[in-house]
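Just so you know, these numbers use all the heavy atoms, side chains as well, and skip hydrogens, waters and symmetry mates. When a ligand or atom number is given, it counts from 1 through the structure's own listing order. Counting begins at 1 with the first residue of the sequence.
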Amino acid sequence: MLTRGPSSTGGVNKGPFLAPQVTVVGAGPIGLAIAWRCAARGLRVVVHDPAPGSGASHVAAGMLAPVAEAYFGEHELTGLLTESARRWPGFAAELTEATGVDIGYRTEGTLMVGLTADDLAEARRLWSYQQGLGLPVSLLRPSQLRAREPALAPRVRGGALAATDHQVDPRRLVPALRLAAARAGAVLVTEPVRQLSEPSGGVTVVAAGCGAAALTGLPVRPVKGQVLRLRTPDGGPPGFRHVIRGYADGEHVYLVPRECGEVVVGATVEERTDVAVSAGAVLRLLRAAVDLMPELAEYDLVETIAGLRPGTPDNAPILGPLPGRPDVLAATGHHRHGIVLTPVTADLITGLITGEGTDDPLLTPFRADRFHPDSKEEDLWS
Ligand SMILES: Cc1cc2nc3c(=O)[nH]c(=O)nc-3n(C[C@H](O)[C@H](O)[C@H](O)COP(=O)(O)OP(=O)(O)OC[C@H]3O[C@@H](n4cnc5c(N)ncnc54)[C@H](O)[C@@H]3O)c2cc1C
């Protein structure tokens with residue numbers, strides 16, 4: 001992406017640049033994917049962000065897990081996650097084709113496991129629910145689990161395979177999206193947007209993650225997540241290939257192995273706004289991780305970090321026009337799912353901007369006005 005520094009931001013609509021048709025606030029995965037898609041459609045796009053890629057995506061594990069993340073009472077969200085995951089192979093191929101960047105997209109699948117009898121009972125309740133939705137969850141006996149991943153602890157009582165839950169490396173994805181957007185003609189301005197301007201003929205997309213609340217008044221709140229990164233001592237690939245998600249003595253933990261030797265261990269879910277890393281969280285995550293995968297005790301601990309997920313009251317994203325502002329589209333509130341939801345969000349928002357997708361039924365449950373009962377009847381698409 002062409003980059004302009006702070007000194008030139010006052011001239012977004014002046015100088016050699018024509019006024020943007022699309023102004024994107026936020027250069028995380030969501031904003032950059034929208035910028036890429038819009039610029040590739042020939043629209044003039046400007047993206048504003050003082051620190052591109054520094055939001056939740058910098059911390060995220062990158063699980064693409066519509067099945068393992070199908071929780072009770074989140075039926076509509078599960079539908080959107082499933083649709084986005086279905087688009088991921090094509091999206092990854094297109095992005096790699098456009099940039100030449102290996103984004104770490106891997107398709108070995110996800111093993112969900114329970115360490116103790118109690119852990120397994122809790123996990124089975126969720127797996128039954130997921131199977132009841134028709135999602136591909138195959139129950140595995142301990143011997144079948146260990147045939148797939150011999151490094152799992154012998155104590156693990158049972159598990160299930162979510163073969164279609166894949167992964168990508170967000171720290172590769174975001175630079176790739178930035179490059180793709182730049183190659184398509186989008187311009188990056190490295191300064192924040194402090195308030196929404198008056199309607200000017202163009203469309204503004206607020207894709208600022210947790211920063212969206214201050215700009216729009218939408219109920220997006222930070223949900224803290226602490227994560228660890230381990231590395232194999234010899235730099236070779238980890239001794240397991242599936243993403244492992246499990247319950248270990250009541251602690252929920254996931255382990256995401258990367259080819260480069262990294263394993264992401266996560267994550268806490270805390271109603272806090274700070275990004276401090278606490279000793280207790282590191283202790284609990286490490287204990288649960290080693291309980292499931294003992295060889296991790298020999299790995300190097302190379303990073304402890306916390307990030308803020310953009311959460312909403314119903315855990316689902318907010319996609320579409322702000323009530324009373326048809327020129328401002330929200331693309332925020334992706335909470336635990338912004339990486340998996342990147343392809344579908346980019347397609348849906350681009351469809352709204354070009355006018356080709358204004359009646360896409362996928363959008364209906366995620367409209368911005370669902371949190372404003374008074375404005376439910378307003379025709380936001382006109
Ligand atoms: C611990 C943890 C683990 C996670 N694991 C996963 C996972 O495995 N799978 C998954 O799908 N998701 C995961 N997520 C969630 C995912 O990271 C987020 O949903 C996703 O990053 C949201 O993308 P975004 O682009 O909307 O926001 P962000 O990635 O937060 O990016 C927002 C950008 O907006 C910029 N910005 C903010 N305010 C302004 C402003 N006023 N002006 C200009 N720019 C602004 C910021 O600088 C930032 O670059 C995880 C998150 C955390 C914290």
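- Remark: minimum distance from atom 42 (N) of ligand 1 to any protein heavy atom is reached at V193 N, 3.0 Å.
- Which parts of ligand 1 touch H48 is read off a 4.0 Å heavy-atom cut-off, strictly below it: atoms 43 (C), 44 (N).
- Using a 4.0 Å cut-off between charged nitrogen and carboxylate oxygen, R325 and E198 do not count as a salt-bridge pair.
- Nearest-residue assignment for atom 51 (C) of ligand 1 (options R309, H334, Q226; heavy-atom criterion): R309.
- Only the backbone of H335 comes within 4.0 Å of ligand 1, judged by heavy-atom distances.
- The atoms of ligand 1 that sit less than 4.0 Å from any heavy atom of G225 are 1 (C).
- The protein heavy atom nearest to atom 31 (O) of ligand 1 is G28 CA, 3.6 Å.
- Side-chain contact check for D347 and T350: no donor-acceptor pair (N or O, by modelled atom type) lies under 3.5 Å.
- Nearest protein neighbour of atom 12 (N) of ligand 1, counting heavy atoms only, is R336 O, 2.8 Å.
- Nearest protein neighbour of atom 26 (O) of ligand 1, counting heavy atoms only, is I30 CG1, 3.4 Å.
- With respect to F366, the side chain to side chain contact (heavy atoms under 4.5 Å, CB included) criterion is satisfied by exactly one of L348, L341, L319, I318: L319.
- Regarding atom 8 (O) of ligand 1, its nearest protein heavy-atom neighbour is M63 N, 2.8 Å.
- Every N/O-N/O distance between V25 and ligand 1 stays at or above 3.5 Å.
- Closest protein heavy atom to atom 27 (O) of ligand 1: G209 CA, 3.6 Å.
- By the criterion of a heavy-atom distance under 4.0 Å, both the backbone and the side chain of V340 are placed next to ligand 1.
- Here atom 21 (O) of ligand 1 lies nearest to S57 when heavy atoms of A60, S57, G62, G311 are compared.
- At least one heavy atom of P50 lies less than 4.0 angstrom from ligand 1.
- Salt-bridge check for E74 with R336: passed, with a basic side-chain N closer than 4.0 Å to an acidic carboxylate O.
- In terms of heavy-atom proximity, E251 sits nearest to A288 at CB-CB, 3.9 Å.
- Atom numbering of ligand 1 starts at 1 in the shown order; those under 4.0 Å from a heavy atom of V227 are 1 (C).
- Taking only nitrogen or oxygen atoms, main chain and side chain alike, L308 does not reach within less than 3.5 Å of ligand 1.
- Cluster membership check: V277 shares its hydrophobic cluster with L286, using side-chain heavy-atom separations under 4.5 Å among Ile, Leu, Val, Met, Phe, Trp and Tyr.
- Aromatic ring orientation, Y105 versus H166: perpendicular (interplanar angle above 60°, classes split at 30° and 60°).
- Note that CE of M63 is 4.5 Å distant from CZ of R245, once rounded to the nearest 0.5 Å.
- Neither the backbone nor the side chain of H58 comes within 4.0 Å of ligand 1, counting heavy atoms alone.
- If you check which protein heavy atom lies closest to atom 45 (C) of ligand 1, you get A208 CB, 4.0 Å.
- Nearest heavy-atom pair across F371 and D314 is CZ-OD1, 3.8 Å.
- Residue-to-ligand polar distances keep G307 apart from ligand 1: every N/O pair is separated by 3.5 Å or more.
- Of the listed residues (A56, A213, G53), the one carrying the non-hydrogen atom nearest atom 28 (P) of ligand 1 is A56.
- For P136 against T164, the heavy-atom pair with the smallest separation is CG-OG1, 3.5 Å.
- Applying side chain to side chain contact (heavy atoms under 4.5 Å, CB included) to V101 and the options L179, L173, L177 leaves one that passes, L179.
- Nearest heavy-atom pair across Q21 and R44 is OE1-N, 2.7 Å.
- In terms of protein heavy-atom proximity, atom 46 (C) of ligand 1 is nearest to D49 OD2, 3.4 Å.
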